[in-house]
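Report on the structure given below.
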Protein chains: 2
Amino acid sequence: MSFKQLFSSKRRPQVSCESCSLGRLCIPQGLSEHEVELVSRIVKTHRTLSKGDHLYHSGEWFHRFLALKSGTVKLVTVDGSGNEYIVDFVMPGELLGFDGLSGERYTCSAIALETVSYCELPPHQLERLGREIPKLSQILLQLSGSQFQLGIQRVILSRRQADERLAAFLAHLSERYRTRGFSPTEFRLSMTRQDIGNYLGLAPETVSRLVSQFEAAGLIQVQGKMVRILDLDGLLRFCPQ
Amino acid sequence: MSFKQLFSSKRRPQVSCESCSLGRLCIPQGLSEHEVELVSRIVKTHRTLSKGDHLYHSGEWFHRFLALKSGTVKLVTVDGSGNEYIVDFVMPGELLGFDGLSGERYTCSAIALETVSYCELPPHQLERLGREIPKLSQILLQLSGSQFQLGIQRVILSRRQADERLAAFLAHLSERYRTRGFSPTEFRLSMTRQDIGNYLGLAPETVSRLVSQFEAAGLIQVQGKMVRILDLDGLLRFCPQ
DNA sequence: CGGCCGCTTGATGAGTGTCAAGCGCCGTGG
DNA sequence: CCACGGCGCTTGACACTCATCAAGCGGCCG
């Protein structure tokens, strides 16, 4: 641990969930003020990492949940042949670590796509606190259930045509930015075309072609990583459901 | 409720988890005898349904977990256009209802593929009991985490070639029958080729062709729904990882 | 300013979906 | 018990989507 980190943890011995703007997305949703304070006490100092850094590694012992405060993270798993599979992109207010829940170790690596900051939640203390705050166990179970829902959405998506997948991906991103108070029509893609392709089960070339195609159709406007959505309804018309 | 069911629930006011042969697969894993008894008390009379019956419907209120005792169930979700997507096949000892966890309603329908019997677990009582038995909350969270793992496995599978997918599917089935004390080399497929195709993201024709291909290669032997695995290692050589 | 990596666009082919037709098994009803 | 009907399964022919290979461009970071 660097001197700077020591210093910082001395000045900020605990993170305040009460003042965190992401409360309603993160764990505190539905907890009373007092309960949030109790949770706040077991949250470890929040850290910062740079693009490309690992928040945790696949195979490492599952020893913490992470609550993302800023930046974007990709969740990657690797098969025996070394092929990488992007399982999810994680945005501020969302929890990381569910891939460690079923066994003793993480099955994915969490990698920062840009500078990220996050809080740490030790599962054992969370569990212990859950006995005092039943609602907390419930929230945790519910969040875990949402991960299952995401899996179902992926199943549906993986059966659709390439253009529908990309449209749904962009619409989903837009929606997530909106709920976080950012512009839903203009944002930066923090992942590469290859990452998008990997996530959607498409070759990066296909993603590139479709982006150009959407642009030609007047649905979006693209300059490198910046995206402007011109016709969200048009995009949504592509999407399943 | 029929007279027969009334009668049966009188003779068997509660199901005994203690005597259930699936204990080590189901919830009781890792609980003490006394704890299992407490769980046993909130388990509702176990029911029986026939092929094609719904254990629960998509959109229905999430009011119970189900523990499958015998038979096979398919978990199906439907998109806005009416397309069906098989999310999972559930085997004895496994829990159903995780798709209701994140919201208030089930997002899938659970449909019996053959005669099934199952137990019912009210989530509220399970939750309440979780305060007395912390280990129970932990197990539930862990089981929910396993669902996430299954999702990851599906992601990996969906990126592989058709033959690898089918090989992995058969090998997985074999493994699951083995852990349940059935023959891992000879079993009946309780789902149609169409169901398998839907689950694997393949056309039923493709499944049929691959089955024939595997048979020609001497890996399996098939007669309608009955499968005999002749060369499990050969099948596993197809599988990712 | 230079090099590298990521992005774009084109040409081609493989894998698998789709359409079509025939078979056979199973359950039903006469 | 047998005949019939239907549905699920199999196999073939063809089309189409998308991956792959290849080459050139451009932006970002060192």
Side-chain angles (χ1 to χ4, degrees), chain A residues 50-53 72 74 81 83-86 111-115 156-170 188-217 220-227 238 240, chain B residues 50-52 72 74 81 83-86 111 113-115 156-170 188-217 220-227 238 240:
Chain A
S50 319
K51 181 175 175 176
D53 288 345
T72 312
K74 65 175 176 182
S81 316
N83 303 307
E84 296 196 346
Y85 304 87
I86 297 181
I111 303 173
L113 291 178
E114 54 208 338
T115 302
I156 296 183
L157 218 57
S158 71
R159 302 279 184 282
R160 311 310 303 254
Q161 307 260 73
D163 51 2
E164 299 179 77
R165 292 187 224 178
L166 185 64
F169 175 75
L170 291 173
R188 209 185 78 91
L189 296 172
S190 36
M191 64 293 287
T192 65
R193 301 285 192 269
Q194 177 148 17
D195 282 341
I196 298 174
N198 185 315
Y199 178 70
L200 295 175
L202 300 171
E205 293 94 330
T206 304
V207 174
S208 198
R209 266 184 263 273
L210 288 171
V211 166
S212 307
Q213 201 174 303
F214 283 177
E215 194 164 22
I220 59 176
Q221 198 176 327
V222 184
Q223 274 187 39
K225 302 227 171 228
M226 286 305 300
V227 176
F238 270 90
Chain B
S50 318
K51 181 175 174 175
T72 313
K74 65 175 175 181
S81 317
N83 303 306
E84 296 197 346
Y85 303 87
I86 297 181
I111 304 173
L113 292 178
E114 55 208 338
T115 301
I156 297 183
L157 218 55
S158 70
R159 303 280 184 281
R160 313 309 304 253
Q161 307 260 74
D163 50 3
E164 300 179 78
R165 291 187 224 179
L166 185 65
F169 175 75
L170 291 172
R188 209 185 79 92
L189 296 172
S190 37
M191 65 294 286
T192 65
R193 302 284 193 270
Q194 177 149 16
D195 283 341
I196 298 175
N198 186 315
Y199 177 70
L200 295 175
L202 300 171
E205 294 94 330
T206 304
V207 174
S208 198
R209 267 184 263 271
L210 289 171
V211 166
S212 306
Q213 202 173 303
F214 284 177
E215 193 164 22
I220 59 177
Q221 199 176 327
V222 183
Q223 274 187 38
K225 303 228 170 227
M226 287 304 303
V227 175
F238 270 89

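Chain A is the first sequence line, chain B the second, and so forth, proteins listed ahead of strands; every chain is numbered from 1. Side-chain atoms are counted along with the backbone in the values below, which use heavy atoms only and exclude waters and symmetry mates.
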Practice task
Heavy atoms under 4.0 Å is the rule here; annotate nucleotides 10-15 of chain C 5' to 3' with B where the base is hit, S where only the sugar-phosphate is, and - elsewhere.
Solution key: BB---S
Would you give me the side-chain donor-acceptor pairs under 3.5 Å for residues 196-211 of chain A, sequence neighbours excluded?
unit_1    : atom_1 : unit_2   : atom_2 : d
Asn198(A) : OD1    : Ile86(A) : N      : 2.8
Asn198(A) : ND2    : Glu84(A) : O      : 2.9

Handout entry: Value rounded to 0.5 Å, distance of CD in Gln213(A) from CG in Leu166(A)
Key = 9.5 Å
Exercise for the section: Can you sort out the partners of Ala112(A) under side chain to side chain contact (heavy atoms under 4.5 Å, CB included), two or more places apart, ordered by chain and number? Expected result: Leu55(A), Val116(A)
Handout entry: Between dT8(C) (C1') and Leu202(A) (CG): distance, integer Å
Key = 16 Å
Problem - Spatial distance of atom NZ (Lys225(B)) from atom OG1 (Thr192(B)) [nearest 0.5 Å] - result: 5.5 Å
Fill in the blank from the handout: Taken to the nearest whole Å, CG/Leu210(B) to P/dT11(D) is 12 Å
Handout entry: Protein-nucleotide distance (Gln223(B), atom CD; dT10(D), atom P), rounded to Å
Key = 12 Å
Handout entry: Partners meeting salt bridge (Lys or Arg N to Asp or Glu O under 4.0 Å) with Arg188(B) (sequence neighbours left out)
Key = Glu114(B)
Exercise for the section: Taking only the side-chain nitrogens and oxygens of Thr206(A), find out if one of them lies under 4.0 Å from OP1 or OP2 of dA19(D). Expected result: yes
Fill in the blank from the handout: Axis-to-axis angle for the helix from dC1(C)-dG30(D) to dG30(C)-dC1(D), ends of five pairs each, to 10°, equals 50°
Problem - Distance, nearest 0.5 Å, that separates NZ of Lys51(A) from CG of Asp53(A) - result: 11.5 Å
Handout entry: For atom CD of Gln213(B) and atom P of dT10(D), their distance in whole Å
Key = 13 Å
Problem - side chain to side chain contact (heavy atoms under 4.5 Å, CB included) involving Thr115(A) - partner list, sequence neighbours excluded - result: Thr48(A)
Practice task
Check each residue of residues 189-201 of chain B for a non-hydrogen atom within less than 4.0 Å of any atom in DNA chain D, then write out the ones that pass by number, or none.
Solution key: Thr192(B), Arg193(B), Gln194(B)
Practice task
Would you kindly give the CE-to-C1' distance between Met226(B) and dC25(C), to the nearest whole Å?
Solution key: 16 Å
Detail all sub-3.5 Å separations between protein N/O atoms and N/O atoms belonging to nucleotides 27-30 of chain D.
none

Problem - Residues that Asn83(A) engages under side-chain hydrogen bond (donor to acceptor under 3.5 Å, both in side chains), provided they are two or more places apart - result: Asp79(A)
Exercise for the section: Look at the side-chain N and O atoms of Ser212(B) and state whether any lies under 4.0 Å from the OP1 or OP2 oxygen of dT11(D). Expected result: yes
Completion exercise
note: Leu166(A), atom CG; dT8(C), atom P; distance rounded to Å ~ 11 Å
Fill in the blank from the handout: Residues Ile111(B) and Gly52(B): closest non-hydrogen pair is CG2-O, 3.8 Å
Exercise for the section: Could you tell me whether the side chain of Phe214(A) reaches within less than 4.5 Å of the side chain of Leu170(A), counting heavy atoms only? Expected result: yes
Completion exercise
To the nearest angstrom, the CZ-P distance between Arg159(A) and dT18(C) comes to 12 Å
Problem - Contacts of type side-chain hydrogen bond (donor to acceptor under 3.5 Å, both in side chains), residue Asp163(A), not counting sequence neighbours - result: none
Practice task
Let me know the distance between CD of Glu114(B) and P of dG27(C), rounded to the nearest Å.
Solution key: 14 Å
Exercise for the section: Determine: side-chain N/O of Lys225(B) to OP1/OP2 of dC9(D), distance under 4.0 Å, yes or no. Expected result: yes
Problem - Side chain to side chain, Gln221(B) and Glu215(B), heavy atoms closer than 4.5 Å - result: yes
Handout entry: Given Glu164(B), Arg165(B), Arg159(B), the one that forms side chain to side chain contact (heavy atoms under 4.5 Å, CB included) with Gln161(B)
Key = Glu164(B)
Exercise for the section: Could you list the residues that satisfy ring pair (Phe, Tyr, Trp, His ring centres under 6.0 Å) with Tyr85(B), not counting sequence neighbours? Expected result: none
